[in-house]
2 protein chains.
Amino acid sequence: MLDASLIAGLPLFAGMSREDLTALVAKANSLRVEKGARVFHAGEEARSFFVLLDGHIRVVRTTPAGEQVIARYISSGEPFGIAQAIDRDTYPADAVAAVDCVILAWPSSFWKQVVERYPSFASNIYRTIGARLQDAQDRIVEMATERVEQRVANAIMKLAGQNGRKTDEGILIDFPISRQDISEMTGTTLHTVSRLLSSWESEGLVKSGRQKITVTEGRRLMMIAGGTSGG
Amino acid sequence: MLDASLIAGLPLFAGMSREDLTALVAKANSLRVEKGARVFHAGEEARSFFVLLDGHIRVVRTTPAGEQVIARYISSGEPFGIAQAIDRDTYPADAVAAVDCVILAWPSSFWKQVVERYPSFASNIYRTIGARLQDAQDRIVEMATERVEQRVANAIMKLAGQNGRKTDEGILIDFPISRQDISEMTGTTLHTVSRLLSSWESEGLVKSGRQKITVTEGRRLMMIAGGTSGG
DNA sequence: TCTGGAGTTTGATGCAGCGCAATTTCTGCG
DNA sequence: CGCAGAAATTGCGCTGCATCAAACTCCAGA
């Protein structure tokens, strides 16, 4: 049986009593999703909303022409597929497991009760949505004003910050991520990303390999991202 | 004194009783803002949230380098500056009146009561935020995958759809908008926008002048926006 | 151990769209 | 009515990055 300890301590559930946590978890189903599998796909009727307990989820949009754009990565502890909170009845994008994942799912119909009975949880969800709106706007500004090199540097720094694991070589992005993935986050091509990483590697800013990126000189990469030129 | 009829009939307030509307309006201040004046600016403490009763508001972000990016245009009947709803205590962008505007403002502290007493209003606000998140994501995809010509065509079509006024020549965007404005919406330069409009004008798709754009052939412009090639 | 496929690297080439600059055309105001 | 400033137009050269193409490397599974 599911236990409140699964979610106690997550910032998303801050301010909730132990009893509320227990009651909330009791309403959830947990599911395991294998690497590469989809939790839901764009346009699908939103039957559930989710919290990622463990793993990493890639949220992807596909254009009519078949090109993909990565909207964001979800890390553990974050909610996703929260269409109900904004009155949608379908999911707006695909959610794909970047690694094996553990997920809690609540039925959409439960959202109303969440708002009434667990207002601090609901409020945290709204805050999350607000943060994502902010984030999206930031990305628009970035795409409109910065060059590819800066955007790629920035994307890698953000990934390292949110999903980084310290190793003896630097900060490793702790799920498999390809050049293609980075290009789909930054609106460029895998070729350009590959060239950039090669050149950064030769300058000692990063160490990278197949589906693997380690940031060794965050300071200098940050300067590229920020657009500052030298020093 | 302010009157419920100011807001009755706006979709944003759908589902509210006449008494609730009256009570809600009683809590608001109305203000007039002259063309070019700012309602609030980025980073400012969010003391109020707003509904635009009449006019057009431009929501603008400025980069550290001083470049501007237009996040969106607010048309009458829409809420804006709703930082509280997403637990922010500062405004994320500038709001500038594109024409003389009439605005209702409620103190931020009133938001909690809104959520409790007027849930359908609050819910409509959340729906708005959701729509804007969706919109922002769409724009990211657009910026990542489409070329300037398509983006500009799309921006103009959206403006015409949301703020268009039918004239005998076609659909006129009914507030002053410069080439520069369009470029700040699409992540290009005023020069490129000017060139595009010139060429579209010579092909009979639009009629444009100083701070003025009329779409005469929406169908064909839509095709450019959609990326479809021929007739 | 071999093999196929996915991921990556790197070169060569082309062009969309930016930066710059000069000029023209509006429009509001004295 | 004439002036000044803002908006718009347009030509030109350049370049950042996409596109096309080919080879290489790593890993999983037979």
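Please read all numbers here as calculations on a predicted model, not as lab measurements. A, B, ... follow the sequence lines: proteins, then strands. Residue 1 opens every chain.
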Between P of C:dT8 and CD of A:Gln180, the distance in whole Å
9 Å
Between B:Leu197 (CG) and D:dA8 (P), how many Å, whole number?
9 Å
Length of the line joining A:Glu201:CD and C:dT10:P, which is rounded to integer Å
9 Å
Closest to the A:Ser178 side chain, choosing from C:dA16, D:dT10, C:dG7:
C:dG7
Using 30° and 60° as the class boundaries, would you call the ring planes of A:His56 and A:Phe175 parallel, tilted or perpendicular?
tilted
Just N and O in the side chain of A:Thr188: are any of them under 4.0 Å from OP1 or OP2 of D:dC17?
no
Polar pair under 3.5 Å, donor/acceptor by atom type, side chain A:His191, base C:dT10:
yes
To the nearest 0.5 Å, what is the distance between OG1 on B:Thr192 and CG on B:Leu197?
11.0 Å
Between C1' on D:dG16 and CD on A:Glu146, what's the gap in Å once rounded to a whole number?
15 Å
Contact class for A:Ser194 (heavy atom, under 4.0 Å): base, sugar-phosphate, or nothing?
base
Presence of donor-acceptor pair under 3.5 Å, side chain of B:Arg195 and base of D:dG11:
yes
Interatomic distance, A:Glu67 CD vs D:dA18 P [rounded to whole Å]:
12 Å
Side-chain N or O of A:Ser198 closer than 4.0 Å to phosphate OP1/OP2 of C:dT10
yes
In terms of the angle between their ring planes, are B:Tyr91 and B:Phe50 parallel, tilted or perpendicular, with boundaries placed at 30° and 60°?
tilted
So which one's nearest nucleotide on DNA chain C is more toward 5', A:Arg210 or A:Arg179?
A:Arg210
Nearest-Å distance for atom pair CD/P, residues B:Glu149 and C:dA16
10 Å
Closest to the side chain of A:Arg147, out of D:dA18, C:dG17, D:dG16, is D:dG16
Taking any heavy-atom pair under 4.0 Å as a contact, classify B:Leu190: base, sugar-phosphate, or nothing.
nothing
So, does A:Glu201 use its side chain to make a donor-acceptor pair with the main chain of A:Ser208 at under 3.5 Å?
yes
Okay, side chain of A:Asp54, backbone of A:Cys101: is any donor-acceptor separation there less than 3.5 Å?
no
Rounded to whole Å, CZ of B:Arg151 lies from P of C:dA16 at a distance of 14 Å
Could you give the CD-to-P distance, from B:Gln211 to D:dG5, as a whole number of Å?
18 Å
Would one find a side-chain N or O of A:Thr192 under 4.0 angstrom from OP1 or OP2 of D:dA18?
yes
